[in-house]
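Data block below; observations after.
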Amino acid sequence: MSSCVKPKEQTEANPVVLLHGFDSSCLEWRYTLPMLEDAGLETWAIDILGWGFSDLGRLPSCDVASKRDHLYQLWSTHIKRPMVLVGPSLGSAVAIDFSVKYPEAVDRLVLIDASVYAEGTGNLATLPKAVAYAGVYLLKSLPLRLYATSLAFNGLPFSTCIDWTNIGRLHCSLPWWEDALVNFMISGGYNVISQIEHVKQKTLIIWGEDDQIIDYKLAVRLHCELPNAILRQIPQCGHIPHVEKPDAVSRLIANFAHPDQSQRANPDSVSTISVPS
């Protein structure tokens, strides 16, 4: 069984399909998804295989090929139309990999603070399983998650940081979470650097001005390497704009997905970036 948030109603227009970042869930979209629906967009939020709240009781493989195939099967069974595929952080690598493999399924791409230049999981793929499981156990600990949350956002109050940390680690309590994450780590992970130039879809790149996790220079590099891309920056915002600045992100996505039907982005909340090729 796959975990996702289905739209209130399906329309004839191309839907917006929201992915999430590394070891996260569709709860990343708790603020932005309702705004996209209010803008009249058919919106799905999908948990990537191995993360989120999908039922993995049979412990399937959770490598890149399996994640790609799972998304395709869900798309071909339930969505069945070219989609505006939105990927934040490592979800951008998932989106690029999928759009290159199945271009007929993707009409446009939205990449948010994209983590697409890492060469897979690196040395983690060679760890003995016992060490990998120990590392994964540490990954779900409250102190480490709290530290990661403080890095991802721009000056959160401590109470909000605690709240968002707890939401971000909810899926870690599922009994198959450790097995699925270790399986992904030792499989090698995502390496989409060579695929970027093969992306044919029109692409919107969104970047938080104060991202402390991925350097803005990589946003400029991605904009230059993608054949058909535009770049927009959100001021006073960290690595996960769709949680921190949902209004700005929803306006950008709505205007990009269906520019003839949506309002233009608020100029006070979004910066337009011009980058020479």
(message) If you apply the rule side chain to side chain contact (heavy atoms under 4.5 Å, CB included), what do you find for N228 with T203, and how did you get there?
(response) CA-CA 6 Å; N228 188 12; T203 303; over 6 Å; no
(request) Measure the OG1-CD1 distance between T32 and I253 for me, rounded to the nearest 0.5 Å. (result) 6.5 Å
(message) Below 30° counts as parallel, above 60° as perpendicular, anything between as tilted: where do the rings of W207 and Y216 land?
(response) perpendicular
(message) Measuring from atom CG of L85 to atom CG of L71, what distance do you get when rounded to the nearest 0.5 angstrom?
(response) 6.5 Å
(request) Run through L218, D113, L151, I234 and flag the one making a side chain to side chain contact (heavy atoms under 4.5 Å, CB included) with D211. (result) D113
(message) If we ignore hydrogens and angles and just use 3.5 Å, is the side chain of H258 paired with the main-chain N or O of N14 as donor and acceptor?
(response) yes
(message) Are W164 and I213 linked, directly or through intermediate hydrophobic residues, by side-chain heavy-atom contacts shorter than 4.5 Å (ILVMFWY only)?
(response) no
(request) Give, for atom OG of S25 and atom CG of L174, the distance between the pair rounded to the nearest 0.5 Å. (result) 10.0 Å
(message) If I compare all heavy atoms of C161 with all of L156, which pair ends up nearest, and what's the gap?
(response) CA-CD1, 4.0 Å
(request) Only counting residues at least two apart or in another chain, list the ones meeting salt bridge (charged side-chain N to carboxylate O under 4.0 Å, His left out) with E225. (result) R221
(request) Identify whether L49 and Y190 are in the same connected component of the hydrophobic contact network (ILVMFWY, side-chain heavy atoms under 4.5 Å). (result) no
(message) I want to check something: taking the side chain as every heavy atom from C-beta on, are S141 and L138 in contact at a cut-off of under 4.5 Å?
(response) yes
(message) When you compare the side chains of D163 and T160, does any donor N or O come within less than 3.5 Å of an acceptor on the partner?
(response) no
(message) A side-chain contact here means heavy atoms from C-beta on lying under 4.5 Å apart; do L111 and V116 qualify?
(response) no
(message) Taking the side chain as everything from C-beta on, heavy atoms only, tell me whether L226 gets closer than 4.5 Å to I205.
(response) yes
(request) Taking all non-hydrogen atoms of both residues into account, name the closest pair between I214 and H239 and its distance. (result) CD1-CE1, 3.5 Å
(request) May I ask you to decide if S115's main-chain N or O and S92's side chain share a donor-acceptor pair within less than 3.5 Å? (result) no
(message) With a 4.5 Å cut-off on side-chain heavy atoms, are I230 and F256 touching?
(response) yes
(request) May I ask whether I186 and I48 are part of the same hydrophobic cluster, defined by side-chain heavy atoms of I, L, V, M, F, W, Y residues being less than 4.5 angstrom apart, directly or through others? (result) yes
(message) Quick one: does any side-chain atom of E209 pair with a main-chain N or O of Q236 as donor and acceptor, under 3.5 Å?
(response) yes
(message) Cation-pi check for W177 against R169: NZ or CZ below 6.0 Å from the six-membered ring centre and within 45 degrees of the axis, yes or no?
(response) no
(request) Check the side chains of D23 and H171 for a donor-acceptor pair under 3.5 angstrom, ignoring hydrogens and angles. (result) yes
(request) Taking all heavy atoms of K67 and all of C62, pick out the closest pair and write down the distance. (result) CE-O, 3.1 Å
(message) Do I112 and L33 land in one hydrophobic cluster if side-chain heavy atoms of ILVMFWY residues count as linked below 4.5 Å?
(response) yes
(message) Starting from F153, can I reach I206 by hopping between I/L/V/M/F/W/Y residues whose side chains sit under 4.5 Å apart?
(response) no
(message) Can you confirm whether K8 sits close enough to T43 that some side-chain heavy atom of one is under 4.5 Å from a side-chain heavy atom of the other?
(response) no
(message) Tell me the closest heavy-atom pair linking A257 and V84, and the distance in Å.
(response) CB-CG2, 4.0 Å
(request) Name all residues meeting the salt bridge (charged side-chain N to carboxylate O under 4.0 Å, His left out) criterion together with K200; count only those two or more places apart in sequence or in a different chain, and write none if there are none. (result) none
(message) Please tell me whether H242 and W29 form a close aromatic pair, meaning their ring centres lie under 6.0 Å apart.
(response) yes
(message) Quick check: closest heavy atoms across A180 and L56, and the distance to 0.1 Å?
(response) CB-CD1, 3.9 Å
(request) Start with the C-alpha distance between L124 and L127, add both sets of side-chain angles, then the distance that settles side chain to side chain contact (heavy atoms under 4.5 Å, CB included), and finish with yes or no. (result) CA-CA 5 Å; L124 296 178; L127 288 177; 3.7 Å; yes
(request) State yes or no: are the ring centers of W51 and F184 separated by less than 6.0 Å? (result) yes
(message) Has D47 got a side-chain atom pairing as donor or acceptor with C26's backbone, closer than 3.5 angstrom?
(response) yes
(message) Using modelled atom types and a 3.5 Å cut-off, is there a donor and acceptor pairing between side-chain atoms of E28 and backbone atoms of H20?
(response) no
(request) Using a 4.5 Å cut-off on heavy atoms from C-beta on, say whether the side chain of P15 contacts that of Q10. (result) no
(message) Can you confirm whether the side chains of D179 and Y133 place a donor and an acceptor under 3.5 Å from each other?
(response) yes
(message) side chain to side chain contact (heavy atoms under 4.5 Å, CB included) for F53 and L27? Distances and angles first, verdict last.
(response) CA-CA 10 Å; F53 300 97; L27 292 179; 3.9 Å; yes
(request) Assess whether side chain to side chain contact (heavy atoms under 4.5 Å, CB included) is satisfied between H78 and W44, documenting all intermediate values. (result) CA-CA 11 Å; H78 298 284; W44 299 69; 4.0 Å; yes
(request) Quick one: closest heavy-atom pair of S89 and G21, and the distance? (result) CB-CA, 4.4 Å
(request) Ignoring hydrogens and angles, tell me if any N or O in the side chain of S61 forms a donor-acceptor pair with the backbone of S66 under 3.5 Å. (result) no
(message) I want to check something: taking the side chain as every heavy atom from C-beta on, are S2 and I46 in contact at a cut-off of under 4.5 Å?
(response) no
(message) Once rounded to the nearest 0.5 Å, what's the spacing between atom CH2 of W176 and atom CG of N183?
(response) 15.0 Å
(message) To the closest 0.5 Å, what do you measure between OG1 (T149) and CG (N166)?
(response) 9.0 Å
(request) Would you mind listing every salt bridge (charged side-chain N to carboxylate O under 4.0 Å, His left out) that reaches into residues 79-108, with sequence neighbours excluded? (result) E42-R81, R68-D97
(message) For L74, is there any backbone N or O sitting under 3.5 Å from a side-chain donor or acceptor partner on T77?
(response) no
(message) Any non-hydrogen side-chain atom of Y117 less than 4.5 Å from a side-chain atom of L222?
(response) yes
(request) Starting at CG of L139, measure out to CZ of R145 and round the result to the nearest 0.5 Å. (result) 5.0 Å
